Structures are given as C-alpha cells and as structure tokens.
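Worksheet: one structure, shown below.
Reminder, nothing fancy here: chain letters follow the sequence lines and each chain counts from 1. Since we're looking at a predicted model, the values are computed, not measured.
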There are 2 protein chains.
Amino acid sequence: MATAAQFHKIVAFYDAHRRMPSYQEIMSLVRFRSKDSVFKLVNRLIDQGRIKKDKTGRLLPTRYFFAIPWLGSVVAGYPNPAEEELLDPISLEEFLVKNKESTYMLNVTGDSMIDAGIMPGDIVLVERREEAKHGEIVVAEVDGEWTLKRLCKRGRKVTLEAANKNYPPIEPKNELRIAAVVCSLIRKY
Amino acid sequence: MATAAQFHKIVAFYDAHRRMPSYQEIMSLVRFRSKDSVFKLVNRLIDQGRIKKDKTGRLLPTRYFFAIPWLGSVVAGYPNPAEEELLDPISLEEFLVKNKESTYMLNVTGDSMIDAGIMPGDIVLVERREEAKHGEIVVAEVDGEWTLKRLCKRGRKVTLEAANKNYPPIEPKNELRIAAVVCSLIRKY
DNA sequence: TTGACTGGCGAACGAACGTTCGCTTATGGT
DNA sequence: ACCATAAGCGAACGTTCGTTCGCCAGTCAA
C-alpha cells in the first residue's frame with residue numbers, strides 16, 4: 001500500500017519537529033494539492049491505527065512513532081529483515097519507565113554486582129520506594145552512603161548481598177533504609 | 001519560583017495527551033483567566049529554556065519534557081534528593097538511539113556473553129552495518145544463524161570470541177558476515 | 001456499458017489559534 | 001511615599017486550523 005511511504009514522511013516530520021504536522025503541512029509533505037485529500041489519507045491512517053485524533057481534531061502520534069523495530073532473538077532464529085515489525089512496536093520510555101514521577105537514573109561504580117551482570121559504568125533506572133521483596137536489587141543507605149546490593153530476606157533476618165564473592169554480605173546493625181529499587185539496567189557501548 | 005509548578009502541569013498535559021497544550025488549555029491548567037497571562041508565562045518559560053516555539057508560534061517540548069532525573073553515582077556519593085536535576089536531563093531515546101533508521105531491538109538468548117555482562121533475557125539495541133572495529137560486540141551470521149559475539153581482529157585474522165570460557169572462539173572458514181553492531185544493552189527486572 | 005466506489009482537487013465554513021493592546025493590581029527598591 | 005517593574009485581566013486582531021461540500025477522473029465488478 002502506498003500509504004506506508006506517506007506515513008513515513010509524517011513520522012519523519014514528527015521526529016524533526018517534535019509535533020504532528022498540520023493538514024497543510026502534510027499536504028506539501030506528500031505533495032497533494034488539496035487539504036481534503038490529506039483529510040481522507042489521515043482517516044485511512046486512523047483506520048490502520050497508525051495515527052490518532054483527539055476530540056478537537058488535532059492529530060496525535062501512536063506507538064508507531066516511537067517504536068524501535070524488534071527483530072527477534074539473536075541466537076535462536078534468523079530474522080527476516082523484510083518483515084521487521086513482527087513483534088509489537090514499543091518505545092523505550094513506555095517499555096522501561098512505569099512511574100515517571102518516581103523513576104531516576106543512577107550511575108553504577110564499583111564491581112560488587114558484577115556476577116549479576118551489573119558492571120561499573122552501567123546505568124540503572126530505579127524507582128524510589130522503601131519496600132522491596134526478597135531478591136530484588138536495591139539502593140540502600142549504609143553508613144551514610146548509598147550502595148547497590150541484592151536484598152535477602154531469610155525469616156526475620158535481612159541482609160544485603162553483593163554479587164561478587166570478594167564482597168561479604170552486609171548485616172545492618174541498626175535499621176536498614178532502602179532508598180530505591182532497581183527496575184532496569186542500561187549500558188552504552 | 002512559582003513557574004516550576006506551572007511548568008509541571010504543562011509537562012503532565014504533554015505526557016497525558018502526547019502533544020503540547022494550546023494557550024487556552026494552559027489557561028485552564030494554571031487557572032488563569034486571560035490568554036495574555038499565558039502568553040507571558042510561556043515567554044518566561046522560553047527564557048528559562050524549558051519550552052520552545054517554532055516560527056509559526058506553536059509550542060514545542062524540550063529535553064525537560066522527556067528527561068529522567070539523574071541522581072548521580074550509587075556507590076561513590078550520597079546524592080541530595082532536594083537537588084535532583086544536577087546533571088543534564090536527557091531522554092532515553094536521545095541517549096540510546098543515535099540513528100533511528102538503522103536501530104533495532106534484539107532479544108538475547110544463551111549465556112555465551114555472560115562474562116561481558118550480557119545475560120540471557122537481556123535486550124540489545126543494535127545498529128545495522130557491516131563494518132565493526134576490534135573489540136566491538138557484533139551480531140554475525142554463522143552457518144545461517146545469527147550469533148552474538150565479540151569481534152577480534154588480530155592482524156589479518158578475524159575471529160568471533162564468546163565471553164564465556166565454555167565456548168571456544170569461532171574462526172570462520174569462508175567469509176564473515178556482520179549483520180549489526182551492538183550499541184547498547186537493556187535489562188528489565 | 002453500466003454503476004458503485006475510491007482518491008484527488010478547489011473552494012468555502014466556523015472555530016480555535018497565537019498575538020497584541022490598553023488597563024488594573026501587586027510587588028519591590030529607594 | 002514614591003515610582004518602576006512585573007503579572008494578570010478582558011477584548012480584539014488576522015491567520016490557520018480541521019472539516020465539509022460538490023465535482024471529476026480513474027478502477028473494478030457485474
């Protein structure tokens with residue numbers, strides 16, 4: 001269908017201007033000479049679910065505007081580059097950030113969690129909250145500093161364990177204050 | 001400054017509607033009774049760099065709309081929650097995706113790269129290209145399947161090395177086709 | 001060949017847009 | 001107490017918005 005190329009131009013406009021184009025702007029994007037042609041094109045795109053309209057008629061982007069195509073698995077299969085959009089398209093924000101209000105980024109230094117695949121220089125996305133379950137990786141306050149460890153609850157005993165055999169578990173003397181819970185990890189190469 | 005709370009409401013509107021509010025909409029958001037008051041408020045926000053306007057007067061979001069606050073380092077210091085916005089605010093997309101056209105997501109299965117901190121179930125963001133430098137982690141085509149390995153160039157000899165001592169290096173018999181280069185890693189807990 | 005359907009064109013509609021004006025009220029420094 | 005400045009109000013401006021209309025050229029099935 002030819003609407004795919006036209007849709008691409010709209011997405012490109014959105015990426016460049018960080019807003020949806022007006023009907024006039026789409027008109028020159030896809031080289032129409034009538035706004036009504038655009039109107040009908042937009043309705044087709046809405047039927048396909050690629051664009052949305054709010055109740056005042058303004059155009060809104062959908063997930064397709066933010067999506068990074070998902071190719072599949074890297075060991076198991078041999079993805080066909082022709083059919084890129086197999087899995088649900090999803091934006092990184094949507095994928096990683098559940099509660100925008102309480103999510104923060106944190107640089108990781110030190111190698112105490114290296115056996116859990118968290119290396120120095122990595123970035124963790126954390127959600128600020130004070131409760132965590134057994135096994136979750138948390139940011140805890142110990143001796144006035146923040147430290148990244150795995151929370152272990154055994155009966156009434158709570159310890160902080162590193163994922164590195166060179167670091168002994170921490171058994172908090174007084175109270176244990178949890179500052180945040182790690183919800184995802186990011187690494188740039 | 002009181003504009004901070006008002007700015008927050010505008011960001012909230014943007015998050016909810018995926019577009020910038022009109023002056024009228026800001027009017028009711030911040031409970032003004034005149035569009036001119038909004039006009040002046042917006043100009044203040046523009047002076048602060050928190051909002052932008054294109055040449056037609058439409059409002060545009062800035063990095064502040066997408067940013068996840070950066071708290072600092074998790075081991076070294078003790079970040080003050082009061083001053084959250086110390087480092088440059090940045091959006092995940094902006095941070096991780098350089099070339100939107102050629103970036104794809106890929107599921108990782110298998111533990112062959114576990115010593116490089118890439119675990120089964122992780123997701124890698126890759127850029128499709130056929131050239132890679134020594135030491136980069138690449139998606140390569142071997143025997144009709146895709147595999148994730150570190151590229152090693154020693155003189156004219158090119159091998160694919162796993163980051164796991166249980167896996168021997170791969171020495172390609174014929175040609176070595178690189179499908180993509182890993183540029184970042186994502187893990188969800 | 002006919003008739004239903006689709007897609008693009010050009011013109012027009014009211015509504016909403018960003019902007020500007022003159023005026024009033026609050027605020028802050030001297 | 002004074003004046004300068006800033007912030008909010010209400011009304012108006014020209015422009016652009018999304019929408020709708022009638023019309024015409026293709027397409028495809030009956």
Side-chain angles (χ1 to χ4, degrees), chain A residues 1-67 85 89 91, chain B residues 1-67 82 85 91:
Chain A
M1 191 164 299
T3 55
Q6 298 163 332
F7 178 68
H8 256 104
K9 289 183 182 172
I10 296 176
V11 174
F13 184 100
Y14 184 84
D15 284 337
H17 298 79
R18 281 243 199 59
R19 65 168 174 84
M20 294 297 280
S22 72
Y23 282 57
Q24 288 212 45
E25 287 165 330
I26 300 180
M27 220 175 85
S28 51
L29 277 180
V30 301
R31 265 178 254 267
F32 280 165
R33 259 174 302 186
S34 155
K35 275 203 291 179
D36 184 55
S37 307
V38 176
F39 186 79
K40 290 170 181 169
L41 167 65
V42 165
N43 282 336
R44 265 171 271 147
L45 291 171
I46 289 176
D47 287 342
Q48 300 171 8
R50 308 217 244 191
I51 282 189
K52 273 166 84 179
K53 227 188 264 194
D54 65 9
K55 67 228 81 139
T56 72
R58 289 195 209 52
L59 302 183
L60 297 180
T62 60
R63 50 154 44 67
Y64 295 95
F65 283 70
F66 310 97
E85 332 238 346
S91 87
Chain B
M1 191 163 298
T3 55
Q6 297 163 332
F7 178 68
H8 256 104
K9 289 183 182 171
I10 296 176
V11 174
F13 184 100
Y14 184 84
D15 284 338
H17 298 78
R18 282 244 197 62
R19 64 168 174 85
M20 292 297 280
S22 72
Y23 283 58
Q24 288 211 46
E25 288 165 330
I26 300 180
M27 221 175 84
S28 51
L29 278 181
V30 303
R31 265 178 254 267
F32 280 166
R33 259 173 303 184
S34 156
K35 275 202 291 179
D36 183 55
S37 308
V38 177
F39 187 78
K40 291 170 181 168
L41 167 65
V42 165
N43 282 336
R44 265 172 271 148
L45 291 171
I46 289 176
D47 288 343
Q48 299 170 10
R50 308 216 244 192
I51 283 190
K52 273 165 86 179
K53 226 188 264 195
D54 66 8
K55 67 228 82 136
T56 72
R58 289 197 209 48
L59 302 184
L60 297 179
T62 60
R63 48 155 44 67
Y64 294 96
F65 283 70
F66 309 97
E85 331 239 347
S91 88

Within-4.5 Å side-chain heavy-atom neighbours: Ile10(A) and Leu59(A): no
Test side chain to side chain contact (heavy atoms under 4.5 Å, CB included) applied to Tyr64(B) and Val11(B), step by step: CA-CA 8 Å; Tyr64(B) 294 96; Val11(B) 174; over 6 Å; no
Axis bend over the full length of the helix from dT1(C)-dA30(D) to dG28(C)-dC3(D), computed from five pairs that close each end, to 10 degrees: 30°
Residues in side chain to side chain donor-acceptor pair (under 3.5 Å) contact with Asp54(A), at least two apart in sequence or another chain: Thr56(A), Arg19(B)
Ile51(A) vs Phe7(A) side-chain heavy atoms within contact, under 4.5 Å: yes
Interface residues of residues 12-34 of chain B with DNA chain C (non-hydrogen, below 4.0 angstrom): Ser22(B), Tyr23(B), Gln24(B)
Derivation of the ring-ring contact (aromatic ring centres under 6.0 Å, His included) call for Tyr14(A) and Phe66(A): CA-CA 10 Å; Tyr14(A) 184 84; Phe66(A) 310 97; 5.8 Å; yes
Contact boundaries on DNA chain D for chain B, cut-off under 4.0 Å to non-hydrogen atoms: dA7(D) to dC17(D)
Nucleic acid contacts - residues 36-45 of chain B versus DNA chain C, non-hydrogen atoms under 4.0 Å: Asp36(B), Phe39(B)
Nearest-0.5 Å distance, CZ of residue Phe39(A) to CD1 of residue Ile26(A): 11.5 Å
Residue pair Phe13(A) / Met20(A): nearest heavy atoms and the distance that separates them: CE2-C, 4.1 Å
Sugar-phosphate only, base, or nothing, as touched by Lys35(B) at under 4.0 Å among non-hydrogen atoms: base
Going by atom type alone, with no hydrogens or angles, which donor-acceptor pairs under 3.5 Å involve a side-chain atom of residues 28-37 of chain A and a protein atom two or more places apart or on another chain?
residue	atom	partner	partner atom	Å
Ser28(A)	OG	Glu25(A)	O	3.1
Ser34(A)	OG	Asp36(A)	N	3.0
Asp36(A)	OD2	Lys40(A)	NZ	3.1

